[in-house]
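Working notes, structure below.
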Amino acid sequence: MGSGNLGCDLVQFSRKRTHAASYHAHASVQAIARQWLWCDWPRAARGLVLDVGSGPVTAPERFEAGTTAIALDQSLPMLAHASGYTYRVAADAAAMPFATGSVQYIGSSMAMQWIGVQALAEWHRLLEPRGRMAMVVPIRGTLARFQGCLGDAGLVPRTLPMQDERVWIAALREIGFWVTLVEIRHIQQPYSDRRQLVRALTRIGAAGDAEWSSRDVRRATLAALDRWCASGTACLEYVLLRVEGQKSCGIS
């Protein structure tokens with residue numbers, strides 16, 4: 001029986017130090033996405049490289065001598081755990097403190113869903129002519145079964161809205177990028193324990209600052225997730241879009 005269309009607060013992003021410190025213990029999907037993003041990094045590349053929304057990670061091994069690699073994130077606790085970069089910069093990804101046309105490469109993994117397509121104009125501003133970009137971002141279909149589980153219990157899951165892949169691609173082209181690669185990957189993570197499932201969603205920083213709107217909502221949500229895990233069908237699925245592009249020559 002449903003719970004009267006109760007709201008479920010799971011839509012914020014945390015900057016707590018505790019979530020930065022425990023990130024790697026729960027960020028398995030994020031690790032897969034990150035490796036996928038940087039796997040084709042050109043070894044001959046040189047210059048200024050931005051890792052936007054880097055989080056508390058180690059710089060990709062493919063960065064070689066001659067590369068100025070910058071980890072950029074809004075969260076100081078997350079940046080405090082980042083390593084291997086030339087610099088770590090705390091800044092808004094939609095207004096980055098770099099000169100127009102000064103960047104050779106921008107990459108971002110599992111971060112742009114929090115920022116939105118409007119930030120792509122800032123990427124275009126920063127990149128030099130023929131500068132390259134790549135991103136991995138979750139798209140529509142991500143966490144669909146999780147949403148369905150809560151919906152069946154009469155709850156309204158306030159998960160982050162995910163854009164369709166066509167929205168991201170159209171935005172890149174409209175701004176002035178030549179899209180050179182589009183790939184989609186499906187990742188599924190089954191869970192038999194509700195605690196592990198919730199930690200996988202929250203301990204990476206997502207929803208870490210959210211508060212339950214009421215005790216009834218908290219009780220109903222946890223009960224629904226317990227039933228889901230006990231059924232043997234609990235699964236967090238991610239639909240990931242990887243896009244690569246190049247700034248069109250002659251467009252400023």
Side-chain angles (χ1 to χ4, degrees), residues 30-55 57 59-74 82 84-89 91-140 162-186 238-252:
Q30 287 71 18
I32 292 170
R34 184 170 178 79
Q35 193 280 332
W36 189 31
L37 172 71
W38 296 108
C39 64
D40 289 334
W41 166 253
R43 289 190 177 274
R46 295 293 185 271
L48 180 58
V49 178
L50 299 183
D51 187 353
V52 177
S54 62
V57 299
E61 294 181 358
R62 296 183 70 88
F63 290 170
E64 294 187 343
T67 298
T68 300
I70 296 180
L72 187 140
D73 203 292
Q74 281 190 313
Y85 292 89
T86 313
Y87 302 104
R88 294 173 292 177
V89 176
D92 184 346
M96 293 183 276
F98 304 102
T100 298
S102 64
V103 178
Q104 283 67 53
Y105 194 97
I106 297 177
S108 181
S109 178
M110 301 291 280
M112 290 301 291
Q113 70 273 17
W114 297 101
I115 305 163
V117 296
Q118 67 276 3
L120 295 174
E122 180 71 348
W123 290 27
H124 190 273
R125 179 186 73 81
L126 293 179
L127 284 171
E128 66 179 8
R130 299 189 184 278
R132 293 177 57 190
M133 57 73 57
M135 69 176 182
V136 173
V137 62
I139 57 175
R140 186 169 298 167
M162 302 294 177
Q163 299 282 5
D164 186 90
E165 67 271 18
R166 292 169 294 185
V167 173
W168 289 104
I169 295 168
L172 285 166
R173 288 173 172 161
E174 182 177 354
I175 291 166
F177 282 104
W178 174 35
V179 176
T180 58
L181 177 70
V182 176
E183 294 179 331
I184 293 178
R185 180 176 294 183
H186 295 256
Y238 294 81
V239 185
L240 303 183
L241 168 70
R242 180 183 175 203
V243 181
E244 292 186 9
Q246 187 174 55
K247 184 174 178 177
S248 301
C249 187
I251 299 178
S252 59

For side-chain contact (heavy atoms from CB on, under 4.5 Å), just list the numbers for Leu172 and Met133, CA-CA rounded to whole Å, side-chain angles, deciding distance to a tenth of an Å, and then say yes or no. CA-CA 10 Å; Leu172 285 166; Met133 57 73 57; 3.9 Å; yes
After noting the C-alpha distance and the side-chain angles of Val182 and Leu241, does the key distance pass the side-chain contact (heavy atoms from CB on, under 4.5 Å) rule? CA-CA 7 Å; Val182 176; Leu241 168 70; 3.8 Å; yes
Could you walk me through whether Phe98 and Ile70 pass the side-chain contact (heavy atoms from CB on, under 4.5 Å) check? CA-CA 11 Å; Phe98 304 102; Ile70 296 180; 3.6 Å; yes
Show the numbers, then the answer: is there a side-chain contact (heavy atoms from CB on, under 4.5 Å) between Leu72 and Met96? CA-CA 9 Å; Leu72 187 140; Met96 293 183 276; 3.7 Å; yes
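Under the 3.5 Å distance criterion, the side-chain polar atoms of Ser248 are matched with a main-chain donor or acceptor of Gly176. A donor-acceptor pair under 3.5 Å is formed between the side chain of Ser108 and the backbone N or O of Val52. Judged purely by atom type and a 3.5 angstrom limit, Lys247 has no side-chain atom pairing as donor or acceptor with the backbone of Gly131. The backbone N or O of Ala69 sits less than 3.5 Å from a side-chain atom of Thr86, completing a donor-acceptor pair.
The closest side-chain donor-acceptor pair between Gln74 and Trp114, if any, does not fall under 3.5 angstrom.
Between Met110 and Leu240, the closest side-chain pair of non-hydrogen atoms falls below 4.5 Å. Within the 4.5 Å cutoff, side-chain heavy atoms of Val57 are placed close to those of Arg34. The side-chain heavy atoms of Phe177 and Val243, taken from C-beta on, include no pair separated by under 4.5 Å. The shortest side-chain heavy-atom distance between Trp168 and Leu120 falls under the 4.5 Å cut-off. At least one side-chain heavy atom of Leu181 sits less than 4.5 Å from a side-chain heavy atom of Arg242.
One finds the OG atom of Ser102 at 9.0 Å from the CD atom of Glu128 (value rounded to the nearest 0.5 Å). The CD atom of Gln163 sits 10.5 Å away from the CD1 atom of Ile139 when rounded to the nearest 0.5 Å. The distance from the CG atom of Leu37 to the CD1 atom of Ile32 is 14.0 Å, given to the nearest 0.5 Å. The CZ atom of Arg88 sits 11.5 Å away from the CG atom of Asp73 when rounded to the nearest 0.5 Å. In this structure, CZ on Arg166 lies 12.5 Å from CZ on Arg173, to the nearest 0.5 angstrom. In this structure, Tyr238 OH and Gln30 CD are separated by 6.0 Å, a value rounded to the nearest 0.5 Å.
When all heavy atoms are compared, the tightest approach of Met162 to Arg140 is CB-N, 3.5 Å. Closest heavy-atom contact between Ala99 and Leu126: O-CD2, 3.7 Å. In terms of heavy-atom proximity, Pro97 sits nearest to Ala91 at CD-CB, 3.6 Å. The shortest non-hydrogen separation linking Ala93 to Ala119 is O-CB, 4.2 Å.
The pair Glu244-Arg132 meets the salt-bridge criterion, with a side-chain N (NZ, NE, NH1 or NH2) lying under 4.0 Å from an Asp/Glu carboxylate O.
Between Trp38 and Tyr105, the ring-plane angle classifies as tilted under the 30° and 60° cut-offs.
At most 12 heavy atoms of other shown residues, nucleotides or ligands fall within 6.0 angstrom of atom CH2 in Trp178. Around CD of Glu183, the count of heavy atoms belonging to other residues, nucleotides or ligands within 6.0 Å exceeds 12.
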